[in-house]
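Quick note on labels: first sequence line is chain A, next is B, and so on, each numbered from 1.
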Protein chains: 2
Amino acid sequence: MDDLTLRQQEILGFLQIFSQEKGFWPSIREIRDHFGFNSTNAVVGHLRALENKGYITRIAGQARTYRITYENSEEPPAESLEVIDMPVYGNIAAGYPDGIEQGDAIDRIQVDINTAGIRRSRRSFALKVRGESMIDAGIFDGDMVIIEPALPNDGDIVAALIDGATTLKRFIKPSNQPPYLKAENANYPDLHPVSELVIQGIARSIVRKL
Amino acid sequence: MDDLTLRQQEILGFLQIFSQEKGFWPSIREIRDHFGFNSTNAVVGHLRALENKGYITRIAGQARTYRITYENSEEPPAESLEVIDMPVYGNIAAGYPDGIEQGDAIDRIQVDINTAGIRRSRRSFALKVRGESMIDAGIFDGDMVIIEPALPNDGDIVAALIDGATTLKRFIKPSNQPPYLKAENANYPDLHPVSELVIQGIARSIVRKL
DNA sequence: ATAATCACTGTTAATATGTTCAGTGTCAAG
DNA sequence: CTTGACACTGAACATATTAACAGTGATTAT
């Protein structure tokens, strides 16, 4: 199969996207307008090229009657990065993540361990962020944070259990002083542990749906 | 939803079958011929009825531009989390994503389509963000953005090709004016397309490693 | 230097296609 | 019996759409 020029690739891509988006094929004028051409003939030339090279089929003279011959293919099977499945919790009522029942999950997420930034075999989980306390760290309400149970170091963002609810805060461990939690939002005070600081895990990555 | 008469069901069925079979919609005359009518107006009446009852949508005056609103068929089998594999590009040197060589990918990412916010079977890809131009939208340098090729709407964050490099910007389409790109950072100016605006896709989600 | 390819502009022609207007016949409900 | 919904015929019209012809520049290969 002949290679396509840049422009031809763009036209083909537009055909595919438009068709998937709208459910029907674009007219030549619509293609022209999308690319900002002044002449329909610019489009005609490209369509003819695509047809000659075997990427599309058309019915001569008829409107919006395309068929894409060469789907630029499914992706190669890929060397499966290791994908793991984690539950997503809205809020962890109490206790250590170990004690959570599966039923408490509000969703599930599957990512490869590389992009999630976690190791396998460490019961990681995801947490749906509530509130704005980490807004200055770029973590917003509704974001999903992937948490790996681990011992925190100074500066890590952690999921911590405070008053029976889980929140996300930055873990600060000054030398020779007890650690405390810091919200990344000027309006929120630091949290010095009154009794006990239960860290459920370290935030390794965040996922936000736009 | 109003019930359909027998004839209307037949017409609707033919629309679906024809479209599935051929990949495009039939013209009114083709529908007429299939049912053996002698007048195109017989078809027009039924189409109007189908539209009034909310089963289809059409674009007035335009050829073969249907959309079936109410699928009287079966739903897609339910959402078993489907994991797909996407390439990650550092920078798309030029051209449409179609034209990118596999080798240009700097990494791969695997997520389920639900958390990625994309549909399957649409050559989606991920882009490593460079620069601070979207910082006010909570997208930072080094973040990974999952892009789905699609036609942008006003306000979408898009991957756009500018001067041979891909950047992330917000797509603004004022009514009756040409669209432009807006950076979400007070220090960056709006980008009004000098010549041509190539949108490579819409940002559906972001992934950040902490 | 010449030719060939690519990406277009601008105009015009031909026809594919949707739409409207004015009717006919059937059937069931009030 | 009249009314209205339904399913159509037949003809005419407007325009959406494809397609052809004649060029212009820029770039690249020969």
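- Atom CD of B:E51 and atom C1' of C:dG18 are 12 Å apart (whole Å).
- Straight-line distance from the OH atom of A:Y66 to the P atom of D:dT17: 10 Å, rounded to whole Å.
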Please list each protein N or O that sits under 3.5 Å from an N or O in nucleotides 6-10 of chain D, with the distance.
from   : atom 1 : to    : atom 2 : distance (Å)
D:dA7  : OP1    : B:T5  : OG1    : 3.0
D:dA7  : OP2    : B:T5  : OG1    : 3.4
D:dC8  : OP1    : B:R7  : NE     : 3.3
D:dC8  : OP1    : B:R7  : NH2    : 3.0
D:dC8  : OP2    : B:R7  : NE     : 2.7
D:dT9  : OP1    : B:N38 : N      : 2.9
D:dT9  : OP1    : B:N38 : ND2    : 2.9
D:dT9  : OP2    : B:N38 : N      : 2.9
D:dT9  : OP2    : B:S39 : N      : 3.1
D:dT9  : O4     : B:N41 : ND2    : 3.0
D:dG10 : N7     : B:S39 : OG     : 2.9
D:dG10 : O6     : B:N41 : ND2    : 3.3

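- The base of C:dG18 sits with one of its N or O atoms less than 3.5 Å from a complementary donor or acceptor on the side chain of B:R29.
- When the side-chain hydrogen bond (donor to acceptor under 3.5 Å, both in side chains) test is applied to A:D143, the partners found at least two apart in sequence or on another chain are A:R208.
- Between A:I31 atom CD1 and D:dT17 atom P there is a gap of 11 Å when expressed in whole angstrom units.
- Between A:R48 and A:E30, the residue whose closest nucleotide on DNA chain D is further toward the 5' end is A:E30.
- Taking the six-membered ring for Trp and the full ring otherwise, B:W25 and B:Y66 have centroids separated by under 6.0 Å.
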Worked check of salt bridge (Lys or Arg N to Asp or Glu O under 4.0 Å) between A:E51 and A:R67:
CA-CA 10 Å; A:E51 200 170 8; A:R67 182 170 298 185; over 6 Å; no

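- Aromatic pair B:F35/B:F14: ring centres closer than 6.0 Å.
- Using a 4.0 Å heavy-atom cutoff across all strands shown, A:A60 reaches sugar-phosphate atoms only and no base atom.
- Atom pair A:L12:CG and C:dA7:C1' shows a separation of 17 Å (rounding to whole Å applied).
- For the pair B:I28 CD1 and C:dT15 P, the computed distance is 21 Å after rounding to whole Å.
- Rounding to whole angstrom units, NE2 of residue A:H34 and P of C:dC8 are separated by 13 Å.
- Around NZ of B:K22, the count of heavy atoms belonging to other residues, nucleotides or ligands within 6.0 Å does not exceed 12.
- A:N185 contributes a side-chain N or O that, together with a main-chain N or O of A:E132, makes up a donor-acceptor pair within less than 3.5 Å.
- Taking atom CZ of residue A:R64 and atom P of nucleotide D:dT18, one finds them 7 Å apart after rounding to whole Å.
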